[in-house]
Asks: 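Dropping a structure here in structure tokens format, bear with me for questions.
Being a predicted model, the structure only gives us computed values, none of them experimental.
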Amino acid sequence: MAGHHSRKKGTHTPRAPIGDVRDPDGLHQYLQRFNAWQAERNYSAKTVAGRDDVLRYFIAWLDERGVKRPHEVTKPIIERYQSHLFVHRKKDGQPLSARTQHGRITPIRAWFKWLAKQNFILYNPASDLDLPRLDRRLPRHVLTIKEAETVLAVPDLDTPTGIRDRAMMEVFYSTGMRRMELMNLQVFDIDAERGTVMIRQGKGKKDRMVPIGDRAVAWIEKYRDDVRPELSTGADDGTLFLTQLGEAFAPNRLTQLVREYVQAAGIGKSGSCHLFRHTMATLMLENGADIRYIQAILGHAELSTTQVYTQVSIRQLKAIHTATHPARMPGAGATQSVVHVPSPQHGPLNAAAALLMALDAEADEDEAGDVAADAGQRRR
């Protein structure tokens, strides 16, 4: 089967050489070494490919100015590149956003840090660059409870794919998991009895167990029992959510599917998979959940106060989730089946804002990855 659907996870299609490929000490060769080193250190294929895209722009810019080797790159040269990004205009005449400029520089810092640590260069010219200040903005769109329920009600439940799509969006809404995390779910990752789901190899290649609501579990079971057998093929690898071809979803396909449901809901808001992640965190915050519990459920690597998983059991997370997440089975009260869990003091308002801004940055990262993937697909 042709296309990106058939490529194995983690594989990387070779890209056209850039710079002087004949020079063993040229920038191109050191980029290839950097890519190989990242892969050996278990960086995700998405991270490696994203950095590669950005660094290729930089190498091309250097090559036009006669800079061929890493040791020829100085801090003033990188600062000139930063100025180039600042004055650059896109095809529509608009400048690059501060976030885009930031994203073009951070891989350069990572690359030159690696070059210096590996003793390929004597010093790191990018070590103390001033990065563009990012806007401290809140999420662009967050759904209210009513709006979330409106979106969830859009799929046609008289069709197998409608049941599947409702189940997927219920999982997004209940757990706040990332798009890739849902795509990688296996049938056996759902523990209906305990109301938990195991997320394997999430961001940073870390596993975590998170609570999931009874309603989402009920939709998963309906899909698993009534629909999935029709979609699975003889080569069933256990992936929970399958396309009509019996395959795991591609990222852009899943994004487009959810985006169309949000548009069809007619709520005047836009968004896709990450919209439910934003919404879950916001609604649980508004209902009184402590920020640290939400961070643990979301799988944020950097917690503002402490590594909550060293102190909080999945039972506690489940209780907090049940008490504060608005999606419940019909007839279930807000406090039904909830055990009392002593909760830490709520963080300050700016901690809540920081959490939501971190979610917004994740959404931007996903969008940038999708654009890079589309561009890469068009180049092939």
Side-chain angles (χ1 to χ4, degrees), residues 8-86 88 96 98-134 201-206 300-303 307 361-362 364-365 368-369 372-373 375-376 379:
K8 294 182 180 179
K9 294 177 182 177
T11 61
H12 182 61
T13 302
R15 302 184 178 186
I18 192 166
D20 187 354
V21 298
R22 297 166 298 179
D23 184 355
D25 294 320
L27 290 162
H28 173 79
Q29 298 298 337
Y30 280 104
L31 175 60
Q32 301 311 306
R33 295 187 197 182
F34 182 51
N35 289 342
W37 177 84
Q38 291 176 98
E40 291 168 2
R41 295 303 185 278
N42 210 26
Y43 283 75
S44 73
K46 180 179 177 181
T47 296
V48 176
R51 286 179 170 180
D52 183 78
D53 277 335
V54 169
L55 292 172
R56 282 169 173 272
Y57 284 115
F58 182 50
I59 291 174
W61 183 87
L62 292 172
D63 193 58
E64 291 174 356
R65 287 153 182 80
V67 179
K68 307 290 186 181
R69 294 181 172 183
H71 72 269
E72 297 172 0
V73 180
T74 63
K75 183 181 179 184
I77 288 176
I78 300 178
E79 288 174 336
R80 281 177 58 198
Y81 182 65
Q82 284 185 287
S83 297
H84 161 75
L85 295 176
F86 179 76
H88 179 76
L96 300 178
R99 194 172 295 276
T100 298
Q101 294 176 54
H102 193 281
R104 293 282 184 93
I105 296 298
T106 49
I108 295 173
R109 292 211 307 182
W111 188 27
F112 278 89
K113 179 180 179 181
W114 172 80
L115 286 166
K117 289 187 70 173
Q118 300 293 323
N119 294 317
F120 294 131
I121 55 178
L122 294 178
Y123 78 101
N124 178 4
S127 61
D128 57 350
L129 288 175
D130 292 325
L131 295 178
R133 290 178 61 85
L134 298 181
Q201 297 290 285
K203 192 168 185 179
K205 300 294 184 73
K206 295 177 181 178
H300 279 185
E302 299 296 332
L303 304 187
Q307 291 295 324
E362 286 182 352
D364 286 339
E365 183 181 325
R379 286 198 298 267

Asks: How long is the straight-line distance from CD1 of Ile77 back to CZ of Phe58, given to the nearest 0.5 Å?
Replies: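 That separation rounds to 8.0 Å.
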Asks: Return each pair, listed once, that meets salt bridge (Lys or Arg N to Asp or Glu O under 4.0 Å) where at least one residue sits in residues 29-40; pairs must be two or more places apart or across chains.
Replies: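 Salt bridge (Lys or Arg N to Asp or Glu O under 4.0 Å) check on residues 29-40 returns no pairs.
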Asks: Rounded to the nearest 0.5 Å, how far apart are OH of Tyr57 and CG of Leu85?
Replies: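 Going from the OH atom of Tyr57 to the CG atom of Leu85 covers 11.0 Å.
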Asks: For residues Gly26 and Pro70, report the shortest heavy-atom separation together with the two atoms involved.
Replies: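 Heavy-atom minimum between the residues: C-CD, 4.4 Å.
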Asks: For Thr74 versus Pro125, what's the shortest heavy-atom pair and its separation?
Replies: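 Residues Thr74 and Pro125, closest heavy atoms: C-CB, 3.7 Å.
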Asks: Please report the interatomic distance CD1(Ile78) to CG(Leu129), rounded to the nearest 0.5 Å.
Replies: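 One gets 5.5 Å once the value is rounded to the nearest 0.5 Å.
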Asks: Could you tell me the separation between the CZ atom of Arg104 and the CG atom of Leu55, rounded to the nearest 0.5 Å?
Replies: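 Between atom CZ of Arg104 and atom CG of Leu55 there are 11.0 Å.
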Asks: Side-chain polar contacts of residues 105-116 - donor-acceptor pairs under 3.5 angstrom, sequence neighbours left out - could you list them?
Replies:
residue: Thr106; atom: OG1; partner: His102; partner atom: O; Å: 3.3

Asks: Which class fits the ring pair Phe34 and Trp37: parallel under 30°, tilted 30 to 60°, perpendicular over 60°?
Replies: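 Plane angle under 30°, so parallel.
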Asks: Do Gln32 and Asn35 touch side chain to side chain, with heavy atoms closer than 4.5 Å?
Replies: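 They are in contact (side-chain heavy atoms under 4.5 Å apart), so the answer is yes.
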Asks: Working to the nearest 0.5 angstrom, can you tell me the gap between His71 NE2 and Asp25 CG?
Replies: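 Taking NE2 in His71 and CG in Asp25, the distance rounds to 8.5 Å.
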Asks: Between CZ of Arg65 and CD of Glu72, what distance do you get to the nearest 0.5 Å?
Replies: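 Result: 14.5 Å between the selected atoms.
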Asks: Quick check: closest heavy atoms across Arg69 and Leu27, and the distance to 0.1 Å?
Replies: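 The pair with the smallest heavy-atom distance is C-CD2, 3.9 Å.
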Asks: Verify the neighbour count for atom OH of Tyr123: are there more than 12 heavy atoms of other residues, nucleotides or ligands below 6.0 Å?
Replies: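 Count over threshold, so yes.
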Asks: Say whether, by atom type as modelled, one donor and one acceptor occur between the side chain of Gln101 and the main chain of Gln82 under 3.5 angstrom.
Replies: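 It does not hold such a pair.
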